[in-house]
Structure formats: structure tokens, C-alpha cells
Amino acid sequence: MTSKKVLVAVAWPYAQGPLHLGHIAGAYLPPDIYARYRRAKGDDVLMVSGSDVHGTPITVKADELGVSPADIVGKYHPEFLTYWDDLDIEFDLFTTTGTDTHRRVVQDFFLKLLDNGYLYTDTSEQFYDEKEGRFLPDRYVEGTCPNCEYPHARGDQCDNCGKTLDPIDLIDPRSKFSGTRPVLRETEHYYWKLSEFNEPLLEWLNSREGWRPHVLNFAIGMVTEGLHDRAFTRDLEWGVPLPVDDLGPGKSIYVWWEAVMGYLSAPQEWAEAQGTPDAWKAWWEDPDAESYYFVGKDNIPFHAIYWPALLMGHGGLNLPTDVPANQYVTFGGKKASKSMGVGRPLSWYLDRFETDGLRYAIAQNLPETNDTDLDDDEIARRINEELVATWGNLVNRVVSMTGRYFDGVVQQHGDLAPEDEAALARAAATVVDTGALLDDVKLRGGVARAMQGAQEANAYLSDMAPWTVAKTDLPRAGTILWVASQMIVSAAVSLWPYMPTTSEAVLEAFGVSTADGVAWRAPTVAAGTTLGELPPLFSKVELDDEDS
RNA sequence: GGCGGCGUAGCUCAGUCGGUAAGAGCGCUCGACUCAUAAUCGAGAGGUCGGCAGUUCAAGUCUGCCCGCCGCUACCA
């Protein structure tokens, strides 16, 4: 098997507020699991993301707090970095859209689209807040709904009757910023000929294989309805400025088009930092390179439609291999989101659960095909019933018996019984089967299959009863424990993408070095190995009543 | 309103191209075992697959309608 270049592209969070467990489950843990697997397989993985510093919500929040957008970013970007550290999520680079490299890449991209004939200028009328001196996004115009006369309708939609609105139709419009009545003012913008990509996009989407059905169906449905040209620029100071000056000052590239270009700029920033400025091309220009975009389902349009269309317009760059978008994690049926304020801060979970335990519980409940419910009791149950009892206890009992009967030294196995051969075959199958599921980005199925390996080892021990055999035939007990050890290290490898810390501890204790990384194959525990010190892998979790 | 998705055992969820008597984990009941963090192993009970109608030799799996929940609806992300 040859090594592949794999770009693991992770959704860029707004540096606007703390992240919740829903974000981790939806977009941040899955790519880490997948990237670890591909690395273990021997592939050359580049995992990048960063903070989106230009979103409108950031400027709004900054206005509300009376600080600069940079202050908001300065608070949350470092906070994100601590999340990754706490959760063992390893990026090759987690940057921001505020870097010089990003600006350069975005501006070059703009010029390329312009050069290829996909951008043109046009004028339109937009609401303008004269007091604030700024144009207003639809959402920041309020007024009376022309449909139901609800007095606090937003420019994009009325919360009362649910009707989609155009801000121009609002009765008695007012600016959400200043409360004054906005005026219509002509503004000139660059527009993107998105409509020209309907057919190529449809053709491309229809030829995708192995994508999650909900992702493909949604994208195809949207393109089939027909995409229209869209403005490429905005009347905003906070953003990446245009590389041309024919529109005058005060214009930025629309944050969404600019943010997805981070997938292109971050690898370049990474390459520059490595001292090999052209290294990024191996992931972007080599047609054999793969790219996986890990996002929540709300981001499907941007990663399965708009970004591919931008890449088509640019030319010479790889389109996404897959966009394994996740559904939502709900808490007691309620979506976790910053805006709704549902769900607790990550620190709450980190204070109560070990990292690997939390990673495991989330992985077992990943919303890959449906919205999935996850609560504290479920996390605790996963840890107590599955990690402590099934996996941790398995390791513990084998280490304990090896210590008791053989002073902790793994024995040279004698003749293998059919049951032993079968057990060893199952150990190998655990690694192979888990890998097959991970190849399909079925992370939830993968972790369940890996844990099955631990259950099989428990069943093998139960059948062989080495504690009984040891009384009459010590060498035979040594063989049984060796076989069980093989099953343990195979399970440890299979679980490594999910729980790197504890898996590495197990492998090291059984004499399998992880200094050069973990290799995706069933390792061999050598006879004569003295099992290392290994405290219990996991501790039982007890949630206080007040926690629930 | 439009588009899309979901509704499968007490709980959380799987169910590829429609096809042998509907699955997993947990929980529950019973049994076995005692090396192990009272952990483990085995067996069993438990579902008219949201409702109604239709297509088909055959539907959880396709079609229509209804009920409930959710997302998107484009310059909001």
C-alpha cells in the first residue's frame, strides 16, 4: 500500500464565543480520529483549520461590548487552542483568517476568478445606516412585518409568522445598530457567476460515491433548484480587502467565500513555517491527493457546493474527496449552539471526565446519520460500563495474572489450541475491520467494532479460565495469557485513534513501542517482555445530583 | 410557504440493490465464574419498524396523504 497525501480540512469556528460539546462532536473530534487513523496507516496527513476572524457576528459583538473585533478574536482564538490541547485534538496548524498569508491567498484567488471571467461588477440598493455610517446586512434591519404586522420582524425573516422577507418590504424599517431609519443607497459590488457552475456541479455531485446520503441529497437538491450569481464583496471594513481598487474603499471580500479559502491558505502557511514553501502543493495539486472536509450539516452548502464551485473557477486545485458532514448533537432534544445557549461549556465536561473517556463517549454517539442525543448520564455510563468494566478491566486482569503467575513476564507460548488460533484470528480481524469502517469514515461503527475486540478477549479468558489452568498446567496458562495479550494490543491499536493516551499506555506496557507512532496492524507481544507498570486505565465517574 | 431530513425494543442507535422467522449496546430476568476497578461470561424476556392507503409474489426498505420533530430558505453563519 502506498502512502497518500490526505488533507483533513476542519470547519473554521468563529472566534466569537466558546465552543460546546456539540461543536466537538460535530466537527472537531471526528477529523482528529480520522487523521490519526490515516497516519497510523502510513498516509501523509495534513490537518488544518483556524479561527474565522471576519464573521459579521464578531463585529456586532465587538460593537455591543464597545471593543474592537480584534479584541474579541484575541480572547477566543487562544481559548480554542486550549480546547484542542485538552481534548488531544492535534492540528498541524490551527491559524486564523487574519494572517498575511491568508490575505495574499484570498486576493490571489480573487484575481484568478477575475482573470477567468467569473467576476463582474454590478450595483444594487441596500439599506444604509447614516448615523453609524455603514451598510446593513438584512438581518440588522428591523421593522414591521408586511405579512402579519409583527413589529419586530428582521430583514431576512419574520420570527412571528416565519415568512421570508426582503428588508425593503418592511414597514417602518429601522437599524438594529442605531435604531434610526436606514436609507436606501446605491452600492457597487463584484458578483460571482455562480450560475455558470450549475451543470458542472451537478455532474460532479452525481459522480460522487460513498458520500453520506444526507449530504449528497441535500447538495444535489440545492443545485438542481438552480444557483444564482452572488455578490462576492461586502461594504465592510473588517475583512480581506479587494486586491483591486475600482470600487473604492470600504469593501471586503464576503466572509464566507474568504473563510473557505482558509483550506488553501493554511497549508501554505504551514509549508512556509516548515521552510518548504511549495510543500502544500502535494496536497492541492496532485490529483492523487485526497481531501476530507469535516463540518456540521449547516455547513454542507459551503463545502459541497460553493467551495467546489470556487475551486472549479480557480482551476488546477483538487475538489473535495468527501464531505462527511455530521448532523447535530442534541442535549435532551435541544440543539447545542452558541446562539441558543443550550449545553454547558466544555470546561464543565473536562472537569468531570478524563479526556479519553470523553472522546470515547462522544465517538460512540457521533451524529453521523441522524441527530443524536447525548447527556451527562450517557457519557458517564459509557465510561463506567464500557471503558472501566470491559476495556480497562480486561487489561487489568491480564496484567494482574501475568504478575501473579509469571512475575510479570510474558511467556513463550506453547502449542496453540484451535481456540487460541481462533482468538488470534479475531485479534487480527479487529484491526482490519475497524480500519475498513474508518476508511469509509464510519467512525461510530469503528469504535464499536474496536470495543468488540475487547469483549472477545474477555470471552476468550472466560472460556479458557487461565486462573484454573494455572493450578495444574502453568505453561498452558502462560500460553493463554500470551494470546490474551495479543488480543489486548490489537484492541489498543484499534482504539488508538479514539483514545490515544490510554492506548499508548497499554501498548508501551506490553512492550510495543509507540515512540515512532502507532502502526495500523496487530502488533506482536514478545515473549520475555516484562509488563510495565499500568495503573487502571479509567476510573469510575460519579456525577453529583446537582450536576444533572 | 418552499426545499431537505427524521420518527425502529424501556434508553441511545444500526439496518447496503425491497426478499430467509426484525438487529447492537445499555437496562431488565435467570444462570455460570471468581483472575480482575462488585469487574467478566452465557442464556432469556421485550418491537403491529409514527398513522392510513397503495405498488409488488415480497416493504422498516418504494409511492401518496396525515400526525409529530428538526434543519435550510442565499448577502445570517
Side-chain angles (χ1 to χ4, degrees), chain A residues 12-14 16 52 55-58 60 124 126 135-140 147 154-157 161-164 167 189 191 194 213-214 217-222 224-225 227-228 230-236 254-257 259 296-302 305-306 327-328 330 333-335 337-339 364-375 377-378 381-382 384-390 392-405 442 444-445 448 451-452 455 457-463 465-470 477 480-481 484 535-540:
Chain A
W12 293 55
Y14 284 109
Q16 176 229 339
D52 177 351
T56 313
I58 295 174
V60 172
S124 63
Q126 295 251 312
F135 282 95
L136 297 171
D138 285 1
R139 191 175 187 136
Y140 298 107
N147 187 49
R154 295 197 315 265
D156 55 346
Q157 184 173 38
C161 66
K163 192 173 174 58
T164 307
H189 282 289
Y191 284 76
L194 182 57
H214 76 271
N217 290 342
F218 186 77
I220 288 174
M222 234 175 126
T224 301
E225 276 184 58
L227 302 169
H228 310 303
R230 296 193 52 174
F232 206 79
T233 53
R234 290 287 185 282
D235 290 296
L236 284 172
Y254 175 41
V255 63
W256 251 111
W257 309 148
K297 67 177 170 186
D298 51 339
N299 276 335
I300 291 172
F302 291 93
I305 297 174
Y306 303 129
Q327 311 265 0
Y328 291 134
T330 56
K334 289 188 176 178
K335 177 189 165 191
S337 86
K338 285 179 281 194
S339 58
Q364 281 280 16
N365 287 65
L366 286 179
E368 290 178 343
T369 58
N370 276 320
D371 287 355
T372 298
D373 211 52
L374 179 64
D375 61 32
D377 290 337
E378 169 74 1
R381 187 192 68 70
R382 290 282 188 187
N384 294 339
E385 304 286 344
E386 300 176 14
L387 291 182
V388 174
T390 302
N393 180 56
L394 166 67
V395 174
N396 187 240
R397 65 199 298 210
V398 170
V399 169
S400 171
M401 278 188 277
T402 304
R404 172 174 311 190
Y405 303 131
K442 291 177 177 170
R444 183 173 178 154
M451 276 301 284
Q452 188 189 321
Q455 291 174 332
N458 276 322
Y460 170 78
L461 285 174
S462 206
D463 288 346
W467 50 88
T468 303
V469 173
I480 293 168
L481 288 176
L537 292 182
F538 304 96
S539 304
K540 279 223 171 195

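Protein chains get the first letters and strands the later ones, always in sequence-line order, with residue 1 at the start of each.
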>> I'd like to know if Arg234(A) reaches the base of C75(B) with its side chain such that a donor and an acceptor end up less than 3.5 angstrom apart.
In response: yes

Listing time: all N or O pairs from protein to nucleotides 61-65 of chain B that are below 3.5 Å?
none

> What residues form a salt bridge (Lys or Arg N to Asp or Glu O under 4.0 Å) with Arg381(A), not counting sequence neighbours?
Replying inline: Glu378(A), Glu386(A)

> Who passes side-chain contact (heavy atoms from CB on, under 4.5 Å) against Val255(A), sequence neighbours left out?
Replying inline: Asp52(A), His54(A), Glu258(A)

> P atom, G64(B) versus U20(B): distance in rounded Å?
Replying inline: 25 Å

> What residues, two or more places apart in sequence or in another chain, satisfy ring-ring contact (aromatic ring centres under 6.0 Å, His included) together with Phe135(A)?
Replying inline: Tyr128(A)

Show each protein N/O and nucleotides 3-6 of chain B N/O combination with a separation under 3.5 Å, one pair to a line.
unit_1 : atom_1 : unit_2    : atom_2 : d
C3(B)  : O2'    : Glu225(A) : OE2    : 3.2

>> Holding to ring-ring contact (aromatic ring centres under 6.0 Å, His included), I want the full list of residues that pass it with Tyr460(A), two or more places apart in sequence or in another chain.
In response: none

> When the P atoms of G60(B) and U16(B) are considered, how many whole Å apart are they?
Replying inline: 13 Å

> If each of Tyr254(A) and Leu194(A) is mapped to the nucleotide of RNA chain B with the nearest heavy atom, which maps nearer the 5' terminus, i.e. the 5' end?
Replying inline: Leu194(A)

> Would you write out the dot-bracket form of RNA chain B, 5' to 3', with Watson-Crick and G-U pairs under 3.5 Å, [ ] for crossing pairs, | for pairs to other strands and . for unpaired bases?
Replying inline: (((((((..((((.....[...)))).(((((.......))))).....(((((..]....))))))))))))....

> What integer number of Å spans the C1' atoms of C72(B) and C62(B)?
Replying inline: 26 Å

> Got a sec, which residues hit side-chain hydrogen bond (donor to acceptor under 3.5 Å, both in side chains) with Asn299(A), two or more places apart in sequence or on another chain?
Replying inline: none

>> With side chain to side chain contact (heavy atoms under 4.5 Å, CB included) as the criterion, how do Gln455(A) and Thr390(A) come out once you've worked through the C-alpha distance, each side chain's angles and the decisive distance to 0.1 Å?
In response: CA-CA 7 Å; Gln455(A) 291 174 332; Thr390(A) 302; 3.7 Å; yes

> When we call it a touch if two heavy atoms are under 4.0 Å apart, what does His189(A) touch: a base, just sugar-phosphate, or nothing?
Replying inline: nothing

> When you measure from the side chain of Trp257(A) to the backbone N and O of Thr233(A), does any donor-acceptor pair fall under 3.5 Å?
Replying inline: no

> Roughly how many Å is it from CG in Asp375(A) to P in C26(B), rounded to a whole number?
Replying inline: 17 Å

> Whole Å only: how far is the CZ atom of Arg382(A) from the P atom of G27(B)?
Replying inline: 11 Å

> In whole angstroms, how far is the P atom of A24(B) from the NZ atom of Lys442(A)?
Replying inline: 19 Å

> On a whole-Å scale, what distance lies between the C1' atoms belonging to C3(B) and C49(B)?
Replying inline: 27 Å

> Would Phe302(A) and Trp256(A) count as a close aromatic pair, with their ring centres under 6.0 Å?
Replying inline: yes

> For Ala448(A), what residues pass the side-chain contact (heavy atoms from CB on, under 4.5 Å) criterion, not counting sequence neighbours?
Replying inline: Gln364(A)

> Taking the side chain of Thr372(A) as its heavy atoms from C-beta onward, which of U12(B), C75(B), C26(B) lies nearest to it?
Replying inline: U12(B)

> Using atom C1' of each nucleotide, how far apart are G7(B) and U12(B) to the nearest Å?
Replying inline: 15 Å

>> Under the rule for side-chain contact (heavy atoms from CB on, under 4.5 Å), what residues qualify as partners of Ala389(A), not counting sequence neighbours?
In response: none

> Among U12(B), G25(B), C75(B), which nucleotide sits nearest the side chain of Glu386(A)?
Replying inline: G25(B)

>> I need the minimum non-hydrogen distance between Ile305(A) and Met222(A), along with the two atoms involved.
In response: CD1-CB, 3.7 Å

>> If I compare all heavy atoms of Pro301(A) with all of Phe218(A), which pair ends up nearest, and what's the gap?
In response: CG-CE2, 3.6 Å

>> I'd like to know if the side chain of Thr402(A) and the backbone of Val398(A) have a donor-acceptor N/O pair within less than 3.5 Å.
In response: yes

> Partners of Lys442(A) by side-chain hydrogen bond (donor to acceptor under 3.5 Å, both in side chains), sequence neighbours excluded?
Replying inline: none

> Taking the C1' atom of each, how far is G27(B) from G44(B), in whole Å?
Replying inline: 14 Å

>> If I pick the P atom on A22(B) and the same atom on G31(B), what distance separates them, to the nearest angstrom?
In response: 30 Å

> Is the backbone of Gly392(A) close enough, under 3.5 Å, to the side chain of Asn396(A) for a donor and an acceptor to pair up by distance?
Replying inline: no

>> With rounding to the closest Å, how many angstrom separate the P atoms on A9(B) and G50(B)?
In response: 8 Å

> Whole Å only: how far is the CG atom of Asp463(A) from the P atom of A43(B)?
Replying inline: 11 Å

Considering only nitrogen or oxygen atoms on both sides, find all protein atoms under 3.5 Å from nucleotides 35-40 of chain B and state each distance.
unit_1 : atom_1 : unit_2    : atom_2 : d
C35(B) : O3'    : Arg404(A) : NH2    : 3.2
C35(B) : O2     : Arg397(A) : NE     : 3.1
C35(B) : N3     : Arg397(A) : NE     : 3.3
C35(B) : N3     : Arg397(A) : NH2    : 2.5
C35(B) : N4     : Arg397(A) : NH2    : 2.9
A36(B) : OP1    : Arg404(A) : NH2    : 2.7
A36(B) : O3'    : Asn396(A) : OD1    : 2.8
A36(B) : O2'    : Asn393(A) : OD1    : 2.5
A36(B) : O2'    : Asn396(A) : OD1    : 2.8
A36(B) : N1     : Arg397(A) : NH2    : 3.4
A36(B) : N3     : Asn393(A) : ND2    : 3.1
A36(B) : N3     : Arg397(A) : NE     : 3.2
U37(B) : N3     : Phe538(A) : O      : 2.7
U37(B) : O4     : Leu537(A) : N      : 3.0
U37(B) : O4     : Phe538(A) : N      : 3.2
U37(B) : O4     : Phe538(A) : O      : 3.1
A39(B) : OP1    : Lys540(A) : NZ     : 3.1
A39(B) : O2'    : Ala389(A) : O      : 2.9
A39(B) : O2'    : Asn393(A) : ND2    : 2.8
U40(B) : O2'    : Arg397(A) : NH1    : 3.2

> How many Å lie between OH on Tyr460(A) and C1' on G42(B), as a whole number?
Replying inline: 18 Å

